[in-house]
Amino acid sequence: MSIVSDIKKMVATSFQKLYNLEVDAANLTINQTKPEFEGDYTLVLFSFLKQLKTSPDKLGNEIGEALVNDFGEIFTAHNTIKGFLNLTISDDYWLRFLQENFKNKKYGTAPANHQKVMVEYSSPNTNKPIHLGHLRNNFLGWSVAEILKNIGYDTIKCSIVNDRGIHICKSMIAWQLFAKGATPESTGIKGDHFVGDYYVKFNEEYKSQVSELVKKGMPEKEAEREAPIMKATQKMLLDWEAGEPEVMELWEKMNQWVYDGFDVTYKRIGSDFDKTYYESQTYLLGKKFVEEGLQKNIFFRKDDGSVWIDLTEKGLDEKLVLRKDGTSVYMTQDLGLAEEKYKDYHYNKSIYVIADEQNYHMKVLQLILQEAGKPYADGIEHLSYGLVELPSGKMKSREGTVVDADDIIDEMVAVAKNKTKELGKVNDFEPAELAELYDTIALGALKFFLLRVDPKKKMVFNPEESIDFHGFTGPFIQYTHARIKSILRKENPEGDSLKDVLLKPEKDLLLQLEQYPSIVEQAAAEHNPSVLAIYIFQVAKSFNSFYAELSIMKAESKLKKELRLQIASLTARVIASGMHLLGIKVPERM
RNA sequence: GGCCCCGUAGUUCAAUGGAUAGAAUAGAAGUUUCCUAAACUUUAGAUGCAGGUUCGAUUCCUGCCGGGGCUACCA
């Protein structure tokens, strides 16, 4: 139980006792007291004034007095200013909290709640390597899954690989035309990049064929249809659907190259999956779903044979679920996949980490499942996140302004290396240790940068400014952790009981550390790792102030030393476990 | 056209309807015989515009201005 929820209960008790007023603890507003006032937590009184026909000062004083009298082991003082009741929590409370938790390895976790949640994230296309935008998706999905797991959910991370369709055929055609048998092995190019290069080649060739046809007098629309390379691609798609062996073989070969490349990147960034679905294996499932829906009159067939759902009563339009030629659209596949996932896992919740351009699609998906009366429909949640943009605007693959994931990681590692060498603090590290440290710092910086922003909001990535290891960054927090560890290598807290008067930097830290479990809960409830990122940063900042102002090893007394070692210990644990939930490692030294 | 999202210091981000709108960075000024200066301290700087609801609005409502997305028998 957190101190804030305890305060709410005690306040509710006081209202009951003093005014015989039933207040719901959930409706009380408790904030951290602003630094310019005396106190730790503050109760906002305004909402009760009318009801009780009293003045803010009178109410505040009466409640404050009751709290201090009845719960003296928690509250030591109160003051009321302009409708805000500021409460001071006793040092004993904080010391007890510290004593109970500084060794607790499970601090911030919750026991199993027997709820099953699927988190679908990453979900790449197999025609090009992953870029910065995908990284935001990967980091978010992984982190949200870990946060949920941490508070007791049975979590299944999954990915749906888009391994079929016209875009894959484009890479395949271009490879046939231009590669002359080249492979990732023969060229030394990472598989996903290799295939991506042929996707680019396709577009170049396509563009030039179209402009040639236009030059010969063909209308542009027609030229786009008639360009030989496009016709070949469409034929290849048909061949693929017919299972033509040569095409299947090429498809499997090129996809494998991509998977080999993805594996390297996934391993590097720490993405992992309990289950991978492949669209080639699931894209037909939706048809059955549509047939069932037709029988139940949830869908209807138009004269041309296409199948639709009428969502006008829900304020939306009619939505196509099956083409007139009987083939699946995107929605069909997603319906089938949702059903399949539920069959496989019987989840309580299913979270889709998908960019906000698909808000409408996800809304419709859930609506259709609800209309179809599916038991899992209400458990579907769209973790909608904003695009990552560059200072110059949106990333566009056609204009070559995409920040490639592997490239940006390499660049970050190079900067981490230079900076670390400059500082010269770890000259005694073995080469392997050094390489690991550079990776830890580089990925820490990148992940923290992408996770510290509210997922819902789009964000700007400035390649120059974003590679910063100072201030509100991952490395700042990693550095704080390393500093603490360097002390704890020399001496550990002995576990002696504490009794002392807390100094401000000590209390500031304890107050924040106590909030950790609530913060994790909040991050989980909101599917929002940025809450956690901001919190960890504040903890690190508080520790650095504490560290600058007070000596731990040369504390003024044995008791103070023990106290500060315990605080340092818990701080390191909170930082490490919080950063872990963001997928960020923390070094022992840096 | 219809629907949705976003406009906060120079810049990148915060702020369950609550006190004098917080950080970081860039700027200015300091701190190292003292546990790691990737740090700390001080300083200056912002709610697009106009109304409304409220004891109280960055937050809720309306209009305007500016930016983005969706509205495909693409995925």
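Chain letters run A, B, ... following the sequence lines, proteins first and then strands; every chain starts at 1.
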Exercise. Looking only at side-chain atoms of A:F84, point me to the closest of B:U36, B:A19, B:C55.
Key: B:A19

Practice problem: Could you check which of B:U25, B:G7, B:C40 has an atom nearest any side-chain atom of A:N544? | Solution: B:C40

Quiz item: What nucleotide, of B:C55, B:A15, B:U12, holds the atom closest to the side chain of A:F46?
Solution: B:C55

Quiz item: Do A:K302 and A:W308 meet the cation-pi criteria used here (NZ or CZ under 6.0 Å from the six-membered ring centre, within 45° of the axis)?
Solution: yes

Can you pull every protein N or O that's under 3.5 Å from an N or O on nucleotides 68-73 of chain B?
residue	atom	partner	partner atom	Å
B:G69	OP1	A:K394	NZ	3.2
B:C73	O3'	A:R323	NE	3.4
B:C73	O2	A:K324	N	3.4
B:C73	N4	A:D304	OD2	2.4
B:C73	N4	A:S306	OG	3.2

Quiz item: Atom CG of A:L451 and atom P of B:C13: how far apart are they, to the nearest Å?
Solution: 14 Å

Quiz item: Hey, where does RNA chain B pair up into stems, meaning at least three consecutive Watson-Crick or G-U pairs with distances under 3.5 Å?
Solution: B:1-7 with B:65-71, B:10-13 with B:22-25, B:27-31 with B:39-43, B:48-52 with B:60-64

Quiz item: Whole Å only: how far is the CZ atom of A:F429 from the C1' atom of B:U36?
Solution: 12 Å

Quiz item: Roughly how far apart, to the nearest Å, are B:G52 and B:A57 at atom P?
Solution: 12 Å

Self-check item: Selection from B:U20, B:A15, B:A24 that lies nearest to any side-chain heavy atom of A:E36
Solution: B:U20

Self-check item: Spacing between A:I536 atom CD1 and B:A23 atom C1', to the nearest angstrom
Solution: 16 Å

Quiz item: A:F476 side chain: which of B:A23, B:C34, B:C40 is closest?
Solution: B:C40

Quiz item: Taking CZ from A:R225 and C1' from B:C74, how many angstroms apart are they, rounded to a whole number?
Solution: 16 Å

Practice problem: For the residue pair A:D334 and A:H361, confirm or rule out a side-chain donor-acceptor distance under 3.5 Å. | Solution: yes

Self-check item: Interatomic distance, A:L450 CG vs B:U12 C1' [rounded to whole Å]
Solution: 13 Å

Quiz item: If you pin A:S486 and A:I166 to their nearest nucleotides in RNA chain B, which one's is more 5'?
Solution: A:S486

Quiz item: Any Lys/Arg nitrogen of A:K341 or A:E120 sitting under 4.0 Å from an Asp/Glu carboxylate oxygen of the other?
Solution: yes

Quiz prompt | Residue A:Y479, side-chain heavy atoms: nucleotide from B:U36, B:C55, B:A75 that is nearest | solution = B:U36

Quiz prompt | Proximal nucleotide (of B:A37, B:A23, B:G18) relative to the A:F537 side chain | solution = B:A23

